[in-house]
Amino acid sequence: MSAPPTPDAGPISHADAGPISDPDAGPISGSDAGPISDPDAGPISNAAATAPTPTPPRAPDMALERSAERTAKAAARGGGRPQVRLRALDGLRLLAALMVAAYHYGGRDGEITRAWGSSPRAQFPTLSSYFAYGCLGVQIFFVISGFVICMSGWGRPLRSFFASRVSRLYPAYWVAIILVTGVFALPWVAYKAVSPSDALVNLTMLQQPLGVDRVLGVCWTLWAELRFYALFALFVVLPGATRHRVVLFCAVWTLGSAFAEASGLPLLNVVLMPEYSSYFIGGMGIYLLHRFGHDALAWGIIGISFLIGQHYAIRELWHPANIDAFSYRSATGIIAVVAFGYVAVTLIALGKLNWANWRWLTVAGALTYPFYLVHEHLGWVVVWVLHQKLGIPSYGTFALTVLVMLGLAWLLYRFIEQRFTPMIKRSLSTARL
(Lines give C-alpha, C1' and ligand atoms only; values in the text may rest on other atoms or scores of the structure.)
Protein backbone atom coordinates (compact mmCIF):
# COMPACT_ATOMS: atom_id res chain seq x y z
CA MET A 1 0.00 0.00 0.00
CA SER A 2 1.24 3.43 -0.73
CA ALA A 3 1.38 5.67 2.30
CA PRO A 4 0.62 9.30 1.35
CA PRO A 5 3.64 11.54 1.81
CA THR A 6 3.29 13.77 4.83
CA PRO A 7 5.99 15.82 6.50
CA ASP A 8 5.19 14.00 9.71
CA ALA A 9 5.66 10.57 8.21
CA GLY A 10 9.42 10.85 8.50
CA PRO A 11 10.86 7.47 7.63
CA ILE A 12 14.56 7.18 6.96
CA SER A 13 15.84 6.29 3.67
CA HIS A 14 19.35 6.21 4.47
CA ALA A 15 16.54 5.93 4.72
CA ASP A 16 19.77 4.37 5.73
CA ALA A 17 19.44 5.34 3.81
CA GLY A 18 19.17 5.39 2.33
CA PRO A 19 21.87 3.71 2.79
CA ILE A 20 24.12 5.83 4.64
CA SER A 21 27.30 3.85 4.62
CA ASP A 22 29.50 2.51 1.91
CA PRO A 23 30.72 -0.93 2.94
CA ASP A 24 32.66 -1.27 -0.28
CA ALA A 25 34.57 1.89 0.50
CA GLY A 26 36.57 0.05 3.15
CA PRO A 27 37.15 1.09 6.73
CA ILE A 28 35.45 4.32 7.63
CA SER A 29 38.37 6.49 8.47
CA GLY A 30 40.10 9.55 7.18
CA SER A 31 43.13 7.65 6.00
CA ASP A 32 40.98 5.23 4.09
CA ALA A 33 39.32 7.96 2.11
CA GLY A 34 42.46 8.63 0.13
CA PRO A 35 45.71 10.42 0.76
CA ILE A 36 45.28 12.90 3.56
CA SER A 37 46.59 16.07 2.10
CA ASP A 38 45.33 19.39 0.89
CA PRO A 39 45.34 18.97 -2.89
CA ASP A 40 44.22 22.52 -3.47
CA ALA A 41 47.24 23.86 -1.61
CA GLY A 42 49.58 22.83 -4.42
CA PRO A 43 53.14 21.55 -4.08
CA ILE A 44 55.67 23.70 -2.26
CA SER A 45 58.40 24.10 -4.78
CA ASN A 46 62.09 24.12 -3.85
CA ALA A 47 63.21 25.27 -7.27
CA ALA A 48 65.03 28.27 -5.78
CA ALA A 49 67.43 25.98 -3.93
CA THR A 50 68.44 24.09 -7.07
CA ALA A 51 68.49 26.92 -9.63
CA PRO A 52 71.91 27.65 -11.16
CA THR A 53 71.65 31.36 -10.39
CA PRO A 54 70.44 33.03 -7.21
CA THR A 55 67.01 34.62 -7.22
CA PRO A 56 65.77 37.50 -5.08
CA PRO A 57 63.98 36.40 -1.91
CA ARG A 58 60.21 36.51 -2.07
CA ALA A 59 57.81 37.61 0.62
CA PRO A 60 56.34 34.57 2.37
CA ASP A 61 53.00 33.40 1.04
CA MET A 62 51.03 33.25 4.28
CA ALA A 63 48.06 31.50 2.69
CA LEU A 64 50.31 28.81 1.28
CA GLU A 65 52.08 28.39 4.60
CA ARG A 66 48.81 28.00 6.43
CA SER A 67 47.59 25.50 3.87
CA ALA A 68 50.85 23.56 4.08
CA GLU A 69 50.62 23.51 7.86
CA ARG A 70 47.05 22.21 7.65
CA THR A 71 48.17 19.57 5.17
CA ALA A 72 50.95 18.41 7.48
CA LYS A 73 48.57 18.15 10.42
CA ALA A 74 46.06 16.19 8.35
CA ALA A 75 48.77 13.83 7.15
CA ALA A 76 49.94 13.30 10.70
CA ARG A 77 46.40 12.52 11.83
CA GLY A 78 45.81 9.97 9.10
CA GLY A 79 49.23 8.49 8.53
CA GLY A 80 50.45 8.31 12.09
CA ARG A 81 47.90 5.81 13.32
CA PRO A 82 46.42 2.58 11.97
CA GLN A 83 43.28 2.64 9.91
CA VAL A 84 40.29 2.31 12.18
CA ARG A 85 36.70 1.70 11.15
CA LEU A 86 34.39 4.12 12.87
CA ARG A 87 32.16 1.43 14.30
CA ALA A 88 30.37 3.98 16.45
CA LEU A 89 29.02 5.44 13.21
CA ASP A 90 27.53 2.05 12.35
CA GLY A 91 25.90 1.98 15.76
CA LEU A 92 24.50 5.48 15.28
CA ARG A 93 22.99 4.44 11.96
CA LEU A 94 21.19 1.53 13.57
CA LEU A 95 20.01 3.77 16.41
CA ALA A 96 18.53 6.20 13.87
CA ALA A 97 16.76 3.33 12.11
CA LEU A 98 15.33 2.07 15.42
CA MET A 99 14.13 5.61 16.16
CA VAL A 100 12.18 5.61 12.91
CA ALA A 101 10.80 2.14 13.65
CA ALA A 102 9.61 3.34 17.08
CA TYR A 103 7.88 6.24 15.37
CA HIS A 104 6.18 3.99 12.81
CA TYR A 105 5.07 1.40 15.36
CA GLY A 106 4.10 3.60 18.30
CA GLY A 107 4.48 7.29 17.57
CA ARG A 108 1.92 8.05 14.87
CA ASP A 109 -1.56 7.20 13.69
CA GLY A 110 -2.42 5.90 10.22
CA GLU A 111 -2.19 2.32 9.01
CA ILE A 112 -0.43 1.13 12.15
CA THR A 113 -3.68 1.86 14.03
CA ARG A 114 -5.37 -0.91 12.01
CA ALA A 115 -2.54 -3.27 12.90
CA TRP A 116 -2.84 -2.61 16.64
CA GLY A 117 -6.63 -2.46 16.60
CA SER A 118 -6.53 0.96 18.27
CA SER A 119 -4.38 4.06 18.38
CA PRO A 120 -0.74 3.51 19.40
CA ARG A 121 -1.37 6.12 22.07
CA ALA A 122 -3.70 3.61 23.73
CA GLN A 123 -1.11 0.85 23.33
CA PHE A 124 1.78 2.95 24.69
CA PRO A 125 0.22 5.69 26.84
CA THR A 126 3.58 6.80 28.25
CA LEU A 127 6.07 6.08 25.49
CA SER A 128 4.01 7.16 22.49
CA SER A 129 4.84 10.82 23.09
CA TYR A 130 8.56 9.94 23.02
CA PHE A 131 8.19 7.61 20.04
CA ALA A 132 6.77 10.59 18.14
CA TYR A 133 10.26 12.12 18.04
CA GLY A 134 11.61 9.03 16.29
CA CYS A 135 10.90 10.48 12.85
CA LEU A 136 13.88 12.80 13.44
CA GLY A 137 16.08 9.78 12.86
CA VAL A 138 15.74 10.82 9.21
CA GLN A 139 17.61 14.05 9.87
CA ILE A 140 20.33 12.13 11.69
CA PHE A 141 20.59 9.79 8.71
CA PHE A 142 21.04 12.72 6.35
CA VAL A 143 23.88 14.12 8.47
CA ILE A 144 25.58 10.71 8.45
CA SER A 145 25.03 10.49 4.70
CA GLY A 146 26.77 13.83 4.11
CA PHE A 147 29.76 12.56 6.10
CA VAL A 148 29.98 9.13 4.45
CA ILE A 149 29.36 10.24 0.86
CA CYS A 150 32.00 12.94 1.16
CA MET A 151 34.40 10.32 2.48
CA SER A 152 33.62 7.62 -0.09
CA GLY A 153 33.67 10.05 -3.02
CA TRP A 154 37.05 11.53 -2.15
CA GLY A 155 39.68 10.58 -4.71
CA ARG A 156 37.24 8.36 -6.60
CA PRO A 157 36.48 8.76 -10.33
CA LEU A 158 32.91 9.42 -11.36
CA ARG A 159 32.35 5.93 -12.79
CA SER A 160 33.51 4.29 -9.57
CA PHE A 161 31.33 6.58 -7.48
CA PHE A 162 28.31 5.84 -9.67
CA ALA A 163 28.93 2.08 -9.54
CA SER A 164 29.33 2.18 -5.77
CA ARG A 165 26.06 4.04 -5.20
CA VAL A 166 23.95 1.98 -7.59
CA SER A 167 25.28 -1.35 -6.31
CA ARG A 168 24.72 -0.25 -2.73
CA LEU A 169 21.20 1.11 -3.16
CA TYR A 170 19.35 -1.15 -5.53
CA PRO A 171 19.73 -4.90 -4.73
CA ALA A 172 18.02 -4.83 -1.31
CA TYR A 173 15.61 -2.17 -2.55
CA TRP A 174 14.40 -4.32 -5.46
CA VAL A 175 13.81 -7.30 -3.18
CA ALA A 176 11.99 -5.10 -0.65
CA ILE A 177 9.66 -3.83 -3.41
CA ILE A 178 8.91 -7.41 -4.48
CA LEU A 179 8.36 -8.60 -0.89
CA VAL A 180 5.99 -5.81 0.11
CA THR A 181 4.04 -6.03 -3.16
CA GLY A 182 3.72 -9.81 -2.81
CA VAL A 183 2.70 -9.76 0.87
CA PHE A 184 0.12 -7.02 0.32
CA ALA A 185 -1.35 -9.02 -2.56
CA LEU A 186 -2.21 -11.91 -0.19
CA PRO A 187 -6.00 -12.16 0.30
CA TRP A 188 -5.82 -12.23 4.10
CA VAL A 189 -3.69 -9.07 4.34
CA ALA A 190 -5.81 -5.99 4.95
CA TYR A 191 -3.53 -3.56 3.12
CA LYS A 192 -3.99 -2.79 -0.55
CA ALA A 193 -1.08 -3.31 -2.95
CA VAL A 194 -0.29 -0.73 -5.62
CA SER A 195 -1.12 -1.50 -9.24
CA PRO A 196 1.29 -3.73 -11.20
CA SER A 197 2.28 -0.77 -13.38
CA ASP A 198 3.08 1.41 -10.36
CA ALA A 199 5.02 -1.43 -8.75
CA LEU A 200 7.20 -1.67 -11.86
CA VAL A 201 7.87 2.07 -11.82
CA ASN A 202 8.87 1.77 -8.16
CA LEU A 203 11.79 -0.43 -9.23
CA THR A 204 13.43 2.68 -10.74
CA MET A 205 13.36 4.59 -7.41
CA LEU A 206 11.87 7.54 -9.33
CA GLN A 207 8.24 6.97 -8.37
CA GLN A 208 7.93 10.10 -6.27
CA PRO A 209 8.94 12.69 -8.90
CA LEU A 210 6.81 10.78 -11.43
CA GLY A 211 3.75 10.99 -9.18
CA VAL A 212 3.35 7.22 -8.89
CA ASP A 213 1.98 5.45 -5.81
CA ARG A 214 4.79 4.24 -3.55
CA VAL A 215 5.28 0.65 -2.52
CA LEU A 216 7.54 1.67 0.38
CA GLY A 217 6.55 4.62 2.52
CA VAL A 218 10.19 5.31 3.36
CA CYS A 219 11.27 5.77 -0.25
CA TRP A 220 10.76 9.55 -0.14
CA THR A 221 14.05 9.78 1.73
CA LEU A 222 15.77 7.76 -0.99
CA TRP A 223 14.63 10.40 -3.48
CA ALA A 224 16.36 13.03 -1.32
CA GLU A 225 19.49 10.87 -1.19
CA LEU A 226 19.54 10.46 -4.98
CA ARG A 227 19.43 14.22 -5.49
CA PHE A 228 22.27 14.69 -3.04
CA TYR A 229 24.36 12.06 -4.82
CA ALA A 230 23.73 13.75 -8.16
CA LEU A 231 24.75 17.20 -6.89
CA PHE A 232 27.84 15.84 -5.13
CA ALA A 233 28.88 13.82 -8.18
CA LEU A 234 28.48 16.76 -10.54
CA PHE A 235 30.20 19.45 -8.49
CA VAL A 236 32.71 17.50 -6.36
CA VAL A 237 33.44 14.02 -7.74
CA LEU A 238 33.55 14.94 -11.43
CA PRO A 239 36.07 17.80 -11.10
CA GLY A 240 37.94 16.01 -8.29
CA ALA A 241 37.37 16.34 -4.56
CA THR A 242 39.52 18.87 -2.70
CA ARG A 243 39.03 20.70 0.55
CA HIS A 244 38.57 23.98 -1.31
CA ARG A 245 35.97 22.47 -3.65
CA VAL A 246 33.94 20.87 -0.86
CA VAL A 247 33.91 24.13 1.12
CA LEU A 248 32.78 26.02 -1.98
CA PHE A 249 30.11 23.41 -2.72
CA CYS A 250 28.74 23.67 0.83
CA ALA A 251 28.66 27.46 0.68
CA VAL A 252 27.01 27.65 -2.74
CA TRP A 253 24.44 24.97 -1.86
CA THR A 254 23.55 26.76 1.38
CA LEU A 255 22.99 30.07 -0.42
CA GLY A 256 21.23 28.35 -3.30
CA SER A 257 18.84 26.65 -0.88
CA ALA A 258 18.01 30.00 0.69
CA PHE A 259 17.38 31.49 -2.77
CA ALA A 260 15.17 28.52 -3.66
CA GLU A 261 13.12 29.01 -0.50
CA ALA A 262 12.76 32.74 -1.12
CA SER A 263 11.87 32.38 -4.80
CA GLY A 264 9.30 29.65 -4.36
CA LEU A 265 10.23 28.22 -7.77
CA PRO A 266 9.31 24.52 -7.87
CA LEU A 267 12.29 23.54 -10.01
CA LEU A 268 14.80 25.12 -7.61
CA ASN A 269 13.10 23.48 -4.66
CA VAL A 270 13.23 20.07 -6.31
CA VAL A 271 16.91 20.37 -7.25
CA LEU A 272 18.28 22.13 -4.17
CA MET A 273 15.77 20.70 -1.61
CA PRO A 274 16.23 23.46 0.99
CA GLU A 275 14.28 21.49 3.62
CA TYR A 276 16.95 18.75 3.66
CA SER A 277 20.14 20.28 2.24
CA SER A 278 21.44 21.63 5.55
CA TYR A 279 21.76 18.13 7.02
CA PHE A 280 23.85 16.82 4.11
CA ILE A 281 25.95 19.99 4.21
CA GLY A 282 26.50 19.60 7.94
CA GLY A 283 27.71 16.04 7.42
CA MET A 284 30.20 17.21 4.79
CA GLY A 285 31.48 19.89 7.17
CA ILE A 286 31.96 17.23 9.85
CA TYR A 287 33.94 15.12 7.39
CA LEU A 288 36.25 18.07 6.74
CA LEU A 289 36.95 18.10 10.49
CA HIS A 290 37.66 14.39 10.40
CA ARG A 291 40.02 14.65 7.44
CA PHE A 292 41.81 17.95 8.06
CA GLY A 293 41.41 18.62 11.77
CA HIS A 294 39.94 21.66 13.50
CA ASP A 295 39.25 24.41 11.02
CA ALA A 296 37.18 27.58 11.30
CA LEU A 297 35.54 27.06 7.91
CA ALA A 298 34.48 23.50 8.74
CA TRP A 299 33.08 24.57 12.10
CA GLY A 300 31.26 27.42 10.36
CA ILE A 301 29.68 25.00 7.88
CA ILE A 302 28.54 22.74 10.72
CA GLY A 303 27.16 25.59 12.83
CA ILE A 304 25.23 27.29 10.04
CA SER A 305 23.80 24.00 8.78
CA PHE A 306 22.58 23.13 12.28
CA LEU A 307 20.90 26.52 12.73
CA ILE A 308 19.08 26.13 9.42
CA GLY A 309 18.35 22.43 9.96
CA GLN A 310 16.63 22.90 13.31
CA HIS A 311 14.44 25.58 11.71
CA TYR A 312 13.19 23.19 9.05
CA ALA A 313 12.72 20.37 11.54
CA ILE A 314 10.53 22.58 13.72
CA ARG A 315 8.64 23.96 10.76
CA GLU A 316 7.75 20.47 9.53
CA LEU A 317 7.04 18.78 12.87
CA TRP A 318 5.85 21.30 15.44
CA HIS A 319 2.08 21.77 15.77
CA PRO A 320 1.61 24.54 18.33
CA ALA A 321 -2.07 25.10 17.45
CA ASN A 322 -3.14 21.89 19.17
CA ILE A 323 -0.90 20.66 21.95
CA ASP A 324 -3.09 17.58 22.32
CA ALA A 325 -2.52 16.46 18.73
CA PHE A 326 -1.05 12.99 18.47
CA SER A 327 1.91 14.26 16.48
CA TYR A 328 2.67 17.12 18.88
CA ARG A 329 6.35 17.56 19.70
CA SER A 330 7.80 20.48 21.60
CA ALA A 331 10.15 22.83 19.77
CA THR A 332 12.74 22.27 22.50
CA GLY A 333 12.54 18.51 22.06
CA ILE A 334 12.97 18.77 18.29
CA ILE A 335 16.02 21.00 18.65
CA ALA A 336 17.51 18.61 21.21
CA VAL A 337 17.16 15.56 18.95
CA VAL A 338 18.61 17.36 15.91
CA ALA A 339 21.48 18.66 18.06
CA PHE A 340 22.11 15.13 19.30
CA GLY A 341 22.56 13.95 15.72
CA TYR A 342 25.08 16.68 14.88
CA VAL A 343 26.99 16.26 18.13
CA ALA A 344 27.11 12.47 17.88
CA VAL A 345 28.50 12.47 14.31
CA THR A 346 31.01 15.18 15.24
CA LEU A 347 32.27 13.25 18.27
CA ILE A 348 32.68 10.15 16.13
CA ALA A 349 34.51 12.14 13.44
CA LEU A 350 36.92 13.59 16.00
CA GLY A 351 37.70 10.15 17.40
CA LYS A 352 36.02 10.75 20.76
CA LEU A 353 33.99 7.55 20.47
CA ASN A 354 36.71 5.26 19.14
CA TRP A 355 36.37 3.26 22.36
CA ALA A 356 33.09 1.91 20.93
CA ASN A 357 34.98 -0.50 18.70
CA TRP A 358 32.83 -3.58 19.11
CA ARG A 359 32.69 -5.87 16.08
CA TRP A 360 28.95 -6.38 16.32
CA LEU A 361 28.44 -2.72 15.45
CA THR A 362 29.76 -3.42 11.96
CA VAL A 363 27.03 -6.04 11.51
CA ALA A 364 24.50 -3.60 12.96
CA GLY A 365 25.51 -1.00 10.40
CA ALA A 366 25.17 -3.53 7.57
CA LEU A 367 21.62 -4.39 8.65
CA THR A 368 20.47 -0.79 8.87
CA TYR A 369 19.55 -0.20 5.22
CA PRO A 370 17.57 -3.42 4.60
CA PHE A 371 15.89 -3.01 8.00
CA TYR A 372 14.89 0.51 7.08
CA LEU A 373 13.41 -0.64 3.79
CA VAL A 374 11.19 -3.43 5.13
CA HIS A 375 10.34 -2.45 8.69
CA GLU A 376 7.35 -0.17 8.11
CA HIS A 377 4.94 -1.95 5.75
CA LEU A 378 5.86 -5.51 6.64
CA GLY A 379 5.89 -4.43 10.28
CA TRP A 380 2.18 -3.63 10.01
CA VAL A 381 1.47 -7.24 9.08
CA VAL A 382 3.70 -8.67 11.83
CA VAL A 383 2.11 -6.41 14.48
CA TRP A 384 -1.36 -7.50 13.36
CA VAL A 385 -0.47 -11.20 13.53
CA LEU A 386 1.34 -11.02 16.88
CA HIS A 387 -1.02 -8.66 18.68
CA GLN A 388 -4.47 -9.31 17.29
CA LYS A 389 -4.19 -12.93 16.19
CA LEU A 390 -1.80 -14.34 18.80
CA GLY A 391 -2.76 -11.99 21.64
CA ILE A 392 0.79 -10.96 22.56
CA PRO A 393 0.81 -7.76 24.68
CA SER A 394 1.78 -4.46 23.11
CA TYR A 395 5.34 -4.20 24.43
CA GLY A 396 6.09 -7.81 23.59
CA THR A 397 4.67 -7.33 20.10
CA PHE A 398 6.77 -4.19 19.64
CA ALA A 399 10.01 -5.97 20.62
CA LEU A 400 9.26 -9.12 18.62
CA THR A 401 8.36 -7.10 15.52
CA VAL A 402 11.69 -5.27 15.67
CA LEU A 403 13.51 -8.61 16.05
CA VAL A 404 11.62 -10.15 13.13
CA MET A 405 12.46 -7.18 10.93
CA LEU A 406 16.13 -7.34 11.97
CA GLY A 407 16.13 -11.03 11.10
CA LEU A 408 14.66 -10.31 7.68
CA ALA A 409 17.25 -7.55 7.24
CA TRP A 410 20.02 -10.05 7.97
CA LEU A 411 18.64 -12.40 5.30
CA LEU A 412 18.59 -9.56 2.77
CA TYR A 413 22.12 -8.58 3.70
CA ARG A 414 23.48 -12.12 3.65
CA PHE A 415 21.80 -13.50 0.54
CA ILE A 416 21.10 -10.39 -1.53
CA GLU A 417 23.54 -7.60 -0.75
CA GLN A 418 26.63 -9.74 -0.19
CA ARG A 419 26.00 -11.65 -3.41
CA PHE A 420 24.72 -9.04 -5.82
CA THR A 421 26.33 -5.77 -4.67
CA PRO A 422 29.88 -6.83 -5.72
CA MET A 423 28.55 -8.30 -8.96
CA ILE A 424 26.70 -5.13 -9.96
CA LYS A 425 29.59 -2.96 -8.92
CA ARG A 426 32.06 -4.92 -11.07
CA SER A 427 29.73 -4.85 -14.04
CA LEU A 428 29.21 -1.10 -13.87
CA SER A 429 32.88 -0.40 -13.20
CA THR A 430 34.03 -2.32 -16.29
CA ALA A 431 31.15 -1.42 -18.63
CA ARG A 432 32.26 0.37 -21.80
CA LEU A 433 30.94 3.88 -22.23
Legend entry - Trp253 side chain vs Leu272 backbone, donor-acceptor pair below 3.5 Å: yes
Inset, instruction - Taking atom OH of Tyr170 as the centre, report whether more than 12 heavy atoms of other residues, nucleotides or ligands fall under 6.0 Å from it. - result: yes
Inset, instruction - Write down the atom of Leu216, the atom of Asn202, and the distance for their closest heavy-atom approach. - result: N-OD1, 4.5 Å
Legend entry - Steps toward ring pair (Phe, Tyr, Trp, His ring centres under 6.0 Å) verdict (Phe398, Phe124): CA-CA 10 Å; Phe398 183 99; Phe124 308 101; 5.7 Å; yes
Inset, instruction - Could you tell me whether Asp90 and Arg87 make a salt bridge, using a distance below 4.0 angstrom between a side-chain N and a carboxylate O? - result: no
Inset, instruction - Can you spot which of Leu222, Val194, Val215, Val212 makes a side chain to side chain contact (heavy atoms under 4.5 Å, CB included) with Gln207? - result: Val212
Inset, instruction - Please confirm whether the backbone N or O of Val383 pairs with a side-chain atom of Thr397, one donor and one acceptor, at under 3.5 Å? - result: no
Legend entry - Distance-minimising heavy-atom pair for Phe420 and Phe415: CE1-O, 3.9 Å
Inset, instruction - List the atom of Gly379, the atom of Met405, and the distance in Å for their closest heavy-atom pair. - result: N-SD, 4.1 Å
Inset, instruction - Take His387 and Trp116 through the side-chain hydrogen bond (donor to acceptor under 3.5 Å, both in side chains) test and state the conclusion after the steps. - result: CA-CA 7 Å; His387 187 63; Trp116 287 113; over 6 Å; no
Legend entry - Trace of the ring pair (Phe, Tyr, Trp, His ring centres under 6.0 Å) decision for His377 with Tyr191: CA-CA 9 Å; His377 285 40; Tyr191 304 102; 8.1 Å; no
Inset, instruction - Flag the pair Phe131 / Pro120 as yes when at least one side-chain heavy-atom distance between them is below 4.5 Å, and no otherwise. - result: no
Legend entry - Closest non-hydrogen atom pair, Val100 against Val138: CG2-N, 4.2 Å
Inset, instruction - Let me see the working for Tyr105 and Ser394 under side-chain hydrogen bond (donor to acceptor under 3.5 Å, both in side chains), right down to the final yes or no. - result: CA-CA 10 Å; Tyr105 297 159; Ser394 302; over 6 Å; no
Inset, instruction - Please examine the side chains of Tyr413 and Thr368, heavy atoms only from C-beta on, and report whether any two atoms are closer than 4.5 Å. - result: no
Inset, instruction - Spell out, as yes or no, whether a donor-acceptor pair under 3.5 Å connects the side chain of Ser129 to the backbone of Thr126. - result: yes
Legend entry - Minimum heavy-atom distance Phe371-Ala101, with the two atoms named: CZ-CB, 3.9 Å
Legend entry - Check: Ser118/Gln123 side-chain N/O donor and acceptor closer than 3.5 Å: yes
Legend entry - N-O pairing of Arg315 and Glu261 below 4.0 Å: yes
Legend entry - Positive for side chain to side chain contact (heavy atoms under 4.5 Å, CB included) with Val402, one of Leu400, Val404, Leu406: Leu406
Inset, instruction - Report yes or no: does Ser164 contribute a side-chain atom to a donor-acceptor pair with the main-chain N or O of Ser160 at less than 3.5 Å? - result: no
Inset, instruction - Locate the shortest heavy-atom distance separating Thr254 from Ile281; write the atom from each residue and the value. - result: OG1-CD1, 3.3 Å
